[in-house]
Amino acid sequence: MPNLVDNNTQLPAARVKMNDDNTGFVNRPWYRWFFNTYQALEAGRRYGSFYSTTTFTPAATNTAYAFTFNNTFTRADGSDLTYGVYIGTPTSRVYVDNTATYNFQFSAQLHNTAGGTKRVYIWPRINGVNVDDSATEVTLTGGSNDAIVAAWNFVLNLQNGDYFELIYSSNSTNISFPYVAASSPVPAIPSVILTVTSSVGV
């Protein structure tokens, strides 16, 4: 839960009516309670939305690689669409500044660059350690340039200062996660997109 010590929501006494009889509006004590409760809950909310314009290709088979992120989606005013979730160093690390349960959702564009069956594995790490029982296998079949999208989510509990990484591996080097430039009328296609949202103070 968010920090509510010292009754900073200032819950009104039961005898205080919610509406003022004269004005019909919410009484000041109740307005203060609603406003402070909203602020306390908002303080526990964290989010971030990131993507990559890098094309990822494994240099070796059966080797773990981390996706990196070099861009942040923006708000309507042009500011970064993040609060309490940020890209660190190296840029594969996505840090959080609040202890909470987070939903990490990703989509990655996966291409087969040569014929035949390829197996690709994707899983999360926290603080450099693989999350147990978290990997998923994706199979590519068919000819060169066949493509699929890998997309799912992980719900994970992180502590203040922890970082998340999205990892991949393949039994073939003939696969890639390509960035595709814009071509009218289609906007550019990031190689990987990651969105992060928290449950309030959980």
Side-chain angles (χ1 to χ4, degrees), residues 47-76 78-82 85-96 102-156 158 162-198:
Y47 54 84
S49 187
F50 314 103
Y51 64 98
S52 182
T53 59
T54 300
T55 292
F56 299 95
T57 302
T61 61
N62 304 315
T63 303
Y65 296 96
F67 290 105
T68 57
F69 300 92
N70 57 6
N71 283 276
T72 302
F73 285 101
T74 57
R75 298 182 177 89
S79 62
D80 285 347
L81 187 56
T82 63
V85 180
Y86 57 95
I87 298 171
T89 303
T91 59
S92 61
R93 297 181 179 182
V94 178
Y95 283 86
V96 300
Y102 291 85
N103 187 6
F104 296 87
Q105 298 177 290
F106 80 93
S107 64
Q109 179 168 265
L110 179 56
H111 280 203
N112 194 349
T113 60
T117 299
K118 316 290 192 309
R119 301 188 187 281
V120 180
Y121 305 87
I122 300 174
W123 69 93
R125 283 180 179 170
I126 297 177
N127 299 332
V129 178
N130 294 336
V131 176
D132 291 340
D133 304 310
S134 63
T136 297
E137 177 185 296
V138 179
T139 302
L140 282 167
T141 59
S144 178
N145 296 321
D146 278 2
I148 61 172
V149 174
W152 54 89
N153 69 301
F154 308 99
V155 176
L156 303 168
L158 275 70
D162 285 351
Y163 67 87
F164 167 94
E165 291 179 291
L166 187 62
I167 310 298
Y168 74 95
S169 180
S170 177
N171 69 347
S172 173
T173 58
N174 293 318
I175 64 102
S176 71
F177 297 88
Y179 169 75
V180 180
S183 178
S184 183
V186 180
I189 304 173
S191 52
V192 59
I193 296 171
L194 177 70
T195 59
V196 185
T197 55
S198 72

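All of these numbers come straight from a predicted model, not from anything done at the bench.
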Flag the pair N127 / Y163 as yes when at least one side-chain heavy-atom distance between them is below 4.5 Å, and no otherwise. yes
So which heavy atom on R119 is nearest to which on S170, and how close? O-OG, 3.0 Å
Of all heavy-atom pairs linking K118 and N174, the shortest is CE-CB, 3.8 Å
Measure from the side-chain N and O atoms of Y65 to the backbone N and O of A60, and report whether any donor-acceptor pair falls under 3.5 Å. yes
With distance as the sole criterion, is a donor-acceptor pair present between the side chains of T91 and N70 under 3.5 Å? no
Checking Y47 against L81 for the side-chain contact (heavy atoms from CB on, under 4.5 Å) test, could you report, in this order, the C-alpha distance in whole Å, the side-chain angles of both residues, the deciding distance, and whether it holds? CA-CA 8 Å; Y47 54 84; L81 187 56; 4.2 Å; yes
Distance col, row L166:CG vs I193:CD1, nearest 0.5 angstrom, shows 12.5 Å
Please tell me if the side chains of F177 and V120 come closer than 4.5 Å, counting only heavy atoms from C-beta onward. yes
Before giving the answer on side-chain contact (heavy atoms from CB on, under 4.5 Å), spell out for T61 and T173 the whole-Å C-alpha distance, their side-chain angles and the decisive distance to 0.1 Å. CA-CA 6 Å; T61 61; T173 58; 4.0 Å; yes
On a heavy-atom basis, the closest approach of S176 and T55 is CB-CG2, 4.4 Å
Which atom names give the shortest non-hydrogen contact between S134 and F154, and what distance separates them? O-CE2, 3.5 Å
Are N103 and V196 close enough that some pair of their side-chain heavy atoms sits under 4.5 Å apart? no
Which distance, rounded to the nearest 0.5 Å, do you find between the CD1 of I189 and the OG of S107? 10.5 Å
In terms of relative ring orientation, are W152 and F106 parallel, tilted or perpendicular, with 30° and 60° separating the classes? perpendicular
Parallel, tilted or perpendicular for F67 and Y168, by the 30°/60° rule? tilted
Restricting to non-hydrogen atoms, name the atom on S49 and the atom on T82 that form the minimum distance, rounded to 0.1 Å. N-CG2, 4.4 Å
Within the 4.5 Å heavy-atom criterion, are F73 and T195 side-chain neighbours or not? no
Rounded to the nearest 0.5 Å, how far does CG of N171 lie from CG of N62? 6.5 Å
My understanding is that only one of Y95, F104, Y102, F50 makes a ring-ring contact (aromatic ring centres under 6.0 Å, His included) with F164; could you say which? F104
Taking the side chain as C-beta and beyond, is there a heavy-atom pair between D146 and T141 under 4.5 Å? no
Under 4.5 Å between any side-chain heavy atoms of Y86 and D80, yes or no? no
Would you mind reporting whether S198 and V96 have side-chain heavy atoms less than 4.5 Å apart? no
Evaluation steps, side-chain contact (heavy atoms from CB on, under 4.5 Å), between S169 and W123: CA-CA 9 Å; S169 180; W123 69 93; 3.8 Å; yes
CD1 (I175) and CG (N112) are apart, to the nearest 0.5 Å, by 8.5 Å
Please report the closest heavy-atom contact between F56 and S191, naming both atoms and the distance. CE1-OG, 3.3 Å
Just wondering, do I167 and I122 contact through their side chains at under 4.5 Å, heavy atoms? no
